[in-house]
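So the structure is just underneath, and the comments pick up after that.
Counting begins at 1 with the first residue of the sequence.
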Amino acid sequence: MAGTWELTIKGHDELLVKMEKYSSDSERVINDVLKQRGPDIALTKIEPLIPVSEEQLRKGHKHAKFSSPFQVEHINLGFIIRPKNKFEYIKYPDLGIGRSKNNQPEEFMKRGLSIAIDPITEELLKGFDSLNK
């Protein structure tokens, strides 16, 4: 999909303090947590929000919502979630384009990632806390 969303940590002062305290380990801890837990958390928040076309289900079509439609790419200090080629069509309702042109954009990717921010932040805090042991 063409959209890009970034994790902003405004209001997450505790995470900022820990990042500063463990500055030499911050990049490693963040990358480890985001690789091991970040995408799973994000996907569990995004997938339930994917709209389902009743018309497609009547045709026996296997819909993205029930088929693990995303692929994850890990990058430094983050990850990218995009639909697998077979499920590219979910970008239409998400962005309000194509067949969904006259519809309000669903923005389920953005909404799901917004819901995932706090649980991902909690995992990052746990990752920093594990350095104390």
Side-chain angles (χ1 to χ4, degrees):
M1 289 193 227
T4 300
W5 301 276
E6 295 180 10
L7 170 72
T8 31
I9 52 176
K10 291 180 187 170
H12 293 88
D13 296 335
E14 187 179 356
L15 181 58
L16 292 172
V17 167
K18 289 183 187 246
M19 288 170 62
E20 187 175 277
K21 181 178 177 181
Y22 300 106
S23 60
S24 62
D25 293 316
S26 288
E27 184 175 2
R28 180 187 56 77
V29 170
I30 292 168
N31 278 327
D32 288 349
V33 170
L34 292 182
K35 185 175 183 177
Q36 294 168 11
R37 295 283 301 129
D40 291 338
I41 293 169
L43 291 173
T44 61
K45 305 302 182 189
I46 294 169
E47 287 176 351
L49 300 175
I50 298 173
V52 178
S53 167
E54 295 299 322
E55 178 183 326
Q56 293 295 327
L57 288 179
R58 283 193 298 269
K59 293 179 183 177
H61 177 76
K62 189 172 184 180
H63 195 275
K65 184 171 186 169
F66 313 109
S67 306
S68 301
F70 298 106
Q71 59 189 358
V72 176
E73 177 185 344
H74 298 280
I75 59 174
N76 190 40
L77 301 176
F79 54 88
I80 299 170
I81 297 175
R82 43 173 73 102
K84 296 174 184 172
N85 289 340
K86 179 178 178 181
F87 299 110
E88 280 287 324
Y89 67 86
I90 63 176
K91 69 183 171 192
Y92 299 117
D94 189 51
L95 301 173
I97 60 174
R99 291 183 180 184
S100 300
K101 186 174 184 179
N102 294 324
N103 298 340
Q104 183 72 20
E106 299 263 346
E107 296 185 329
F108 58 85
M109 292 285 291
K110 187 175 187 177
R111 289 185 298 128
L113 286 172
S114 295
I115 296 167
I117 288 174
D118 287 340
I120 290 172
T121 301
E122 288 175 26
E123 290 298 319
L124 290 167
L125 290 169
K126 289 178 191 175
F128 281 105
D129 288 343
S130 70
L131 295 176
N132 286 333
K133 296 176 182 178

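Going from atom OH of Tyr22 over to atom CZ of Arg28 covers 11.5 Å, rounded to the nearest 0.5 Å. The CG atom of Leu16 sits 14.5 Å away from atom NZ of Lys21, with the distance rounded to the nearest 0.5 Å. Atom-to-atom distance recorded for Ile75:CD1 and Leu34:CG is 9.5 Å, nearest 0.5 angstrom. The NZ atom of Lys18 lies 3.5 Å from the CG atom of Asp129; values are rounded to the nearest 0.5 Å. From Glu20, atom CD reaches atom OG of Ser26 across 9.0 Å, with rounding to the nearest 0.5 Å.
Residues Glu73 and Arg82 meet the side-chain proximity criterion, which asks for heavy atoms closer than 4.5 Å. Considering only heavy atoms from C-beta on, Ile30 comes within 4.5 Å of Met19 through its side chain.
Pairing each heavy atom of Pro39 with each of His74, the nearest pair is CG-CE1, 3.7 Å. Heavy atoms only, all atoms of each residue included: Gly127 and Ser130 are closest at O-OG, 2.6 Å. Across all non-hydrogen atoms, the minimal contact from Ile81 to Phe79 is CD1-CE1, 3.6 Å.
Residues Val72 and Phe108 share a single hydrophobic cluster, defined by chaining ILVMFWY side chains whose heavy atoms lie under 4.5 Å apart.
The backbone N or O of Glu106 sits less than 3.5 Å from a side-chain atom of Arg111, completing a donor-acceptor pair.
Around NZ of Lys84, the count of heavy atoms belonging to other residues, nucleotides or ligands within 6.0 Å exceeds 12.
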Donor-acceptor list for residues 41-51 side chains, cut-off 3.5 Å, not counting sequence neighbours:
from  : atom 1 : to    : atom 2 : distance (Å)
Thr44 : OG1    : Asp40 : O      : 3.4
Thr44 : OG1    : Ile41 : O      : 2.7

For a side-chain contact (heavy atoms from CB on, under 4.5 Å) check, start with the C-alpha distance between Glu27 and Leu77, then their side-chain angles and the critical distance, and finish with the verdict. CA-CA 7 Å; Glu27 184 175 2; Leu77 301 176; 3.9 Å; yes
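Val29 meets the side-chain contact (heavy atoms from CB on, under 4.5 Å) test with Asp25, Val33, Phe128, Leu131; sequence neighbours excluded.
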